[in-house]
Amino acid sequence: MTSLLREPAAFRAWCDAARAEGHRVGLVPTMGALHAGHLSLVEAARTAGATRVVLTIFVNPLQFAAGDDLARYPRTLDDDLAACESVGVDAVFAPEIASMYPAGFSTGIALTGVTEHLEGEFRPDHFDGVATVVAKLFGLTGPCVAVFGRKDYQQHAMLRRMALDLDMPVEVVGAPIVREPDGLALSSRNVYLSAPERRRSLAIVTGLRAAWDRYAAGERDTTALESAARGPVAGGMDRIDYVRVATVGGVVPVEGVLEGPHVLAVAAHLGTTRLIDNVVLGHDPRP
Ligand code: AMP
């Protein structure tokens, strides 16, 4: 039976009690509208040693800019709870905005370096909002293993950095991207896509595959790899934010000849929907 917790104090008490019983707590932060990608993180938490898994559902206003999709972001709590129940999540923490950010809330976490490029260039302040809410979740949870999807590659890299830099008692683990059978990365935002847009969205994974194939054939030049991906992406999507090769830990764009694994990351728009995806060349299987 999954416990539903609404108040931060109740959530903290639940985590403390689990540890007092000798459990290793696994934390899976989400914004809800759960799909198989989210649920894979629950399993990844167990694989990483968690014996009690908590999944949080909070559409964090701090990480949306004006004009983003905060108001229309899908909210499906009843379905989410049923999904959590089905995979044996032990507790769901789904707080109200006012209990996470009460009047007088004045603190923000900001990282440099890892947040500067790629998403950071197109969504200023987004990562500060994510870092702030995740720091709160880490503070409430206490010692745990926290699992994030590598679908949001830079977010995962940033949170790993934050836990390290701020001596948080949290082991940050990254989990592989879960895809639809045709290759589209699962995302809560995929529900925004019309049927024609859904077909065209495959341009992104087609681009990642083209670059992966070139890499597998020995290509190591970043310009060649990026343009192999960019062609298909440009052919299907309405607008590209970036198609870029970057370092794996620091997420710094690289130009020239690659040595060792690097992430190839894409962000592009279809109508009013923005999609992101990536593959770690030299590490991930073909997407
Ligand atoms: P979100 O609810 O979109 O904020 O995502 C919550 C967590 O689920 C983040 O760690 C995401 O990276 C992860 N996630 C979302 N989609 C996928 C996916 N297709 N595969 C793996 N992890 C995912």
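All values below were derived from every heavy atom in this structure, side-chain atoms included, with hydrogens, water molecules and symmetry-related copies excluded. If you read the sequence from its start, that first residue is 1, and numbering goes on from there. As the structure lists them, so they are numbered: ligands from 1, and atoms in each ligand from 1.
- Note on residues 236-262: pairs passing ring-ring contact (aromatic ring centres under 6.0 Å, His included), not counting sequence neighbours, are Phe122-Tyr242.
- Checked against side-chain contact (heavy atoms from CB on, under 4.5 Å), Asp69 has the following partners two or more places apart in sequence or in another chain: Phe64, Arg72, Tyr73, Arg189, Tyr192.
- Taking a cutoff of 4.0 Å between a charged side-chain nitrogen and a carboxylate oxygen, Arg286 and Asp213 qualify as a salt bridge.
- Residues meeting the side-chain contact (heavy atoms from CB on, under 4.5 Å) test with Ala48, sequence neighbours left out: Val145, Val173.
- Of the candidates Thr141, Leu140, Val134, Phe138 forms a side chain to side chain contact (heavy atoms under 4.5 Å, CB included) with just one, namely Val134.
- Near ligand 1, residues Pro29, Thr30, Met31, His35, Gly37, His38, Leu41, Tyr73, Phe148, Gly149, Lys151, Asp152, Gln155, Pro176, Ile177, Val178, Leu186 each place a heavy atom inside the 4.0 Å sphere around the ligand atoms.
- Exactly one of Glu121, Glu255, Glu226, Glu119 qualifies for a salt bridge (charged side-chain N to carboxylate O under 4.0 Å, His left out) with Arg244. That residue is Glu121.
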